[in-house]
Protein chains: 2
Amino acid sequence: MTSISPPPECLFKPMNFPHKVLMGPGPSNCPPRVLGANALPLLGHMHPEFLLIMDEVKAGIKYIFQTNNEWTVCVSGSGHAAMETACLNLLEPGDTALVGINGFWGERFADMVDRQGIDVKTMYRPMGEVFTFDEIEEALKKHKPTLLFLTHGESSGSTLQPLEGVGTLCHKYNCLLLVDSVAACGGVPMFMDKWEIDALYTGSQKVLSSPPGASPISFSDRAKEKVKKRVTRVRSFNFDMNHLANYWGCDGDVRRYHHTSPISTIYAIREGLARLAEQGLEESWKVHKQCAELLQEGLEKIGLELLVKNKSSRNPCVTAVKVPDGVDWKAVTEYAMKTYRVEISGGLGALVGKVWRIGVMGYNCTPDNVSLVLRALDEGLKTAGYSKL
Amino acid sequence: MTSISPPPECLFKPMNFPHKVLMGPGPSNCPPRVLGANALPLLGHMHPEFLLIMDEVKAGIKYIFQTNNEWTVCVSGSGHAAMETACLNLLEPGDTALVGINGFWGERFADMVDRQGIDVKTMYRPMGEVFTFDEIEEALKKHKPTLLFLTHGESSGSTLQPLEGVGTLCHKYNCLLLVDSVAACGGVPMFMDKWEIDALYTGSQKVLSSPPGASPISFSDRAKEKVKKRVTRVRSFNFDMNHLANYWGCDGDVRRYHHTSPISTIYAIREGLARLAEQGLEESWKVHKQCAELLQEGLEKIGLELLVKNKSSRNPCVTAVKVPDGVDWKAVTEYAMKTYRVEISGGLGALVGKVWRIGVMGYNCTPDNVSLVLRALDEGLKTAGYSKL
């Protein structure tokens with residue numbers, strides 16, 4: 001008998017961690033109904049009761065995206081997995097992707113395209129600014145891309161990209177429009193069909209307030225057509241939309257085993273979607289706007305400067321606020337965590353050390369939470385020696 | 001204001017489904033400690049408390065794999081995602097993969113390789129049989145592959161591939177050995193390091209009895225070297241082992257944000273691993289063997305024929321048993337589900353309609369459950385008009 005290495009001691013002790021208020025750009029806290037759903041007994045991934053829950057999730061996604069697209073599913077994975085699903089299905093060698101980069105997410109998508117050896121063109125805006133229609137049109141004319149990628153809610157620069165009309169513009173130039181709305185959808189107006197967006201995805205752990213691991217995505221008929229007309233195979237089995245659409249009951253065929261769905265995570269996102277359905281999109285958009293305004297006024301009252309100058313370019317779900325000169329940003333977030341168990345995040349990418357980012361999303365989107373995060377930040381700043389001029 | 005489509009009615013009703021005993025090839029039922037963990041409040045994916053839980057999961061994987069490999073992580077996804085991670089990292093254009101196909105999983109891996117436009121060679125055995133060392137050596141000589149793929153526990157043909165010595169053989173021919181042990185690891189002996197396996201993965205929802213969505217994977221130093229020496233980029237951001245190894249604290253560097261981990265699912269697999277650590281591997285292997293023998297004796301007593309003739313080739317975790325001539329296989333599984341809420345699965349791939357598959361794994365691996373499934377099957381067969389000759 002071969003001798004066996006012993007089990008690790010750490011696994012004999014219980015998990016033990018504090019309950020936190022997650023006011024960063026995600027994950028947000030889950031309401032009890034979502035956590036409760038996550039603890040329900042497993043069904044099989046092909047059982048009729050589970051397929052029904054998948055159908056309900058699909059109906060919920062169609063509602064929050066405001067779409068009737070047949071190809072509407074959850075990718076098994078975080079927002080990154082949904083981004084890669086869009087990349088791998090909608091592009092193949094010979095295509096050109098035009099990527100709008102005004103923060104972390106455009107960079108990330110460009111990296112994914114580059115990994116496929118597919119031509120990437122970029123257009124840039126500083127973090128905290130959005131693209132104008134004119135510059136989008138100019139870039140479409142210049143690069144003749146097959147796909148344009150834009151980030152709706154940029155969680156790094158905390159901008160909200162206006163999208164109305166962009167889809168029509170893209171179609172004029174025979175280009176598909178792909179939109180990342182991970183850090184916005186559900187908290188701000190989104191009309192996928194009316195705005196002619198061809199592919200759209202979001203995450204579960206932001207406005208939907210459910211655990212990460214399942215990401216809603218939808219393809220328009222134009223996008224579906226593009227996948228169907230591919231010359232090369234989709235370079236991933238897991239993310240192949242042909243299979244995902246079948247498993248999610250989107251193609252009218254008998255549903256076949258593709259992969260084992262993250263069953264509990266699907267229960268949970270079902271409850272996250274149900275919560276939003278009960279609240280209603282209009283109410284959710286209104287509450288996110290109100291809380292964002294409360295937060296932004298509060299931050300300015302403390303004497304802080306918001307990264308996004310233009311009010312209409314601000315993403316209500318995530319607000320980036322500048323770290324004042326001479327203040328140790330980390331001491332402030334550590335104070336907030338230690339004293340109030342409140343998460344305030346630092347900057348991402350080029351803004352590390354330069355901004356804090358505060359997320360006010362979904363279940364966490366309440367005036368109480370805004371007060372709490374403002375208090376924690378204000379006290380943290382004072383402790384770090386900052387005084388308003 | 002654009003008019004809004006209303007929320008779907010189905011989301012206003014509660015989820016409502018029966019508790020089942022999942023005796024198919026996975027998912028297995030989760031014990032209460034696992035379901036409870038799944039309902040714990042979220043931490044951030046970069047919080048120190050969560051990174052510690054990831055470390056504990058890593059220690060648990062090293063234990064069940066019996067490995068000291070630095071590159072030991074969980075892929076965020078099901079076993080399919082782990083399979084694709086191995087494929088995308090260990091192969092690049094110019095390589096040749098040799099795939100042992102004696103069931104569904106070899107076929108699946110060959111498909112994944114083909115999607116990359118990478119050369120695939122195959123060796124075949126009928127479902128229910130395993131590969132001999134001689135035929136493996138012959139194929140290694142003939143095809144000179146850079147990678148050999150074998151399925152340890154074939155859940156479709158219910159075989160257990162002997163692996164001791166295969167790694168050494170592969171290394172003699174300058175080939176890496178990749179093993180799929182989704183439907184076996186934890187329930188049968190596995191010594192990744194001693195057996196010189198270069199890449200190994202398993203699933204969470206089989207012997208570990210935790211929800212699907214996180215899959216343990218480990219790369220040997222040889223496998224890591226292969227990734228480090230790639231000429232082309234890994235064709236997936238999500239599954240890039242360089243990033244995953246960093247996020248999981250395997251490279252000594254500061255841990256960076258890669259993607260948002262499925263936090264709840266990681267809590268749950270931590271508890272699944274802890275359960276197995278407390279039971280002890282030797283005990284788990286023993287119990288799986290005993291229950292499998294109980295099951296197999298019981299099936300033969302009913303008058304049924306096992307698919308795998310050779311006793312030493314049987315996977316104790318999943319048993320395929322032939323559907324007798326003239327019996328409607330589906331009527332029997334439907335009886336079991338309706339009467340006892342017990343899942344018995346049908347065949348996969350070429351064996352659809354020809355076998356039933358019974359999984360006895362992890363938390364479900366008890367003599368009581370074996371009795372229950374035998375009773376359900378026996379009664380179901382009688383109801384379907386079958387009588388033992």
Side-chain angles (χ1 to χ4, degrees), chain A residues 2 4-5 7-8 10-12 15 17 19-20 22 24 27 29-30 35-39 41-44 49 53 56 59-60 63 66 76-78 80-81 84 111-112 115-116 191 194 205 211-213 233 235-238 259-260 262-265 267 270 273-274 277-278 280-282 343, chain B residues 2 4-5 7-8 10-12 15 17 19-20 22 24 27 29-30 35-39 41-44 49 53 56 59-60 63 66 76-78 80-81 84 111-112 115-116 191 194 205 211-213 233 235-238 259-260 262-265 267 270 273-274 277-278 280-282 343:
Chain A
T2 321
I4 297 181
S5 309
C10 59
L11 289 181
F12 290 89
M15 283 193 283
F17 54 81
H19 190 159
K20 300 178 175 182
L22 303 173
N29 292 91
C30 303
L35 293 178
N38 220 16
L42 291 190
L43 288 165
E49 298 91 343
I53 291 170
E56 293 173 353
Y63 172 60
Q66 291 286 301
S76 300
S78 70
H80 270 107
E84 198 147 81
D111 176 88
M112 285 186 183
R115 283 172 184 265
Q116 306 308 317
F191 294 95
K194 286 198 188 101
Q205 76 274 20
R233 300 188 73 190
R235 278 188 188 154
S236 165
F237 174 82
N238 279 279
H259 70 293
T260 304
I263 298 161
S264 312
T265 312
Y267 295 163
R270 192 265 186 210
L273 286 162
E278 281 174 18
L281 281 175
E282 305 92 316
E343 176 174 45
Chain B
T2 321
I4 297 182
S5 311
C10 58
L11 289 181
F12 290 89
M15 282 193 283
F17 53 82
H19 190 160
K20 299 178 177 183
L22 303 173
N29 290 92
C30 302
L35 292 178
N38 220 17
L42 290 190
L43 288 165
E49 299 90 343
I53 292 169
E56 293 174 351
Y63 172 60
Q66 290 286 299
S76 301
S78 69
H80 269 107
E84 197 147 80
D111 175 88
M112 284 185 184
R115 285 171 183 266
Q116 306 307 318
F191 294 95
K194 288 198 186 99
Q205 75 275 19
R233 301 188 73 190
R235 277 186 188 156
S236 165
F237 174 83
N238 280 278
H259 71 292
T260 303
I263 297 160
S264 312
T265 312
Y267 296 162
R270 192 263 185 211
L273 286 162
E278 281 174 18
L281 281 176
E282 304 92 317
E343 176 175 43

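Computed over heavy atoms, backbone and side chain alike; hydrogens, waters and symmetry mates excluded. Note on naming: letters A, B, ... go to the chains in the order of the sequence lines (proteins, then strands), and numbering restarts at 1 for each one.
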- Task: Walk me through it: do Asn29(B) and Leu42(A) pass the test side-chain contact (heavy atoms from CB on, under 4.5 Å)?
- Result: CA-CA 6 Å; Asn29(B) 290 92; Leu42(A) 291 190; 5.8 Å; no
Residue, of [options], that accumulates the most heavy atom pairs under 4.5 Å with chain A:
{"options": "Gly24(B), Gly36(B), Gly213(B), Ala59(B)", "answer": "Ala59(B)"}
{"options": "Met15(B), Gln205(B), Met112(B)", "answer": "Met15(B)"}
{"options": "Pro27(B), Pro212(B), Pro262(B)", "answer": "Pro212(B)"}
{"options": "Gln116(B), Glu56(B), Arg233(B)", "answer": "Arg233(B)"}

Tell me, side chain or backbone of [X] under 4.5 Å from chain B's heavy atoms, or both, or neither?
{"X": "Ile53(A)", "result": "side chain"}
{"X": "Gln66(A)", "result": "side chain"}
{"X": "Glu49(A)", "result": "side chain"}
{"X": "Cys10(A)", "result": "both"}

Grab the two heavy atoms, one from [X] and one from [Y], that are nearest each other, plus how far apart they are.
{"X": "Leu22(B)", "Y": "Gly44(A)", "result": "CD2-N, 4.2 Å"}
{"X": "Ile4(B)", "Y": "Leu281(A)", "result": "CG2-CD1, 4.4 Å"}
{"X": "Pro8(A)", "Y": "Tyr63(B)", "result": "CD-CB, 3.7 Å"}

- Taking side chain to side chain donor-acceptor pair (under 3.5 Å) as the test, write out the residues that go with Thr265(A), two or more places apart.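 Partners of Thr265(A) by the side chain to side chain donor-acceptor pair (under 3.5 Å) criterion come out as none, since no residue qualifies.
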- Item | Set of residues satisfying side chain to side chain donor-acceptor pair (under 3.5 Å) with respect to Glu343(A), sequence neighbours excluded |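 In terms of side chain to side chain donor-acceptor pair (under 3.5 Å), with neighbours along the sequence ignored, Glu343(A) is linked to His47(B).
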Ignoring hydrogens and angles, tell me if any N or O in the side chain of [X] forms a donor-acceptor pair with the backbone of [Y] under 3.5 Å.
{"X": "Arg235(B)", "Y": "Arg115(A)", "result": "no"}
{"X": "Asn38(A)", "Y": "Asn38(B)", "result": "yes"}
{"X": "Asn238(A)", "Y": "Glu84(B)", "result": "no"}

- Message: Can you tell me how far apart CZ (Phe237(B)) and CG (Asp111(A)) are? Round to the nearest 0.5 Å.
- Response: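 Phe237(B) CZ to Asp111(A) CG: 6.5 Å, rounded to 0.5 Å.
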- Query: Can you tell me how far OG of Ser236(B) sits from NE2 of His80(A), rounded to the nearest 0.5 angstrom?
  - Reply: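 So the gap between those two atoms works out to 10.5 Å.
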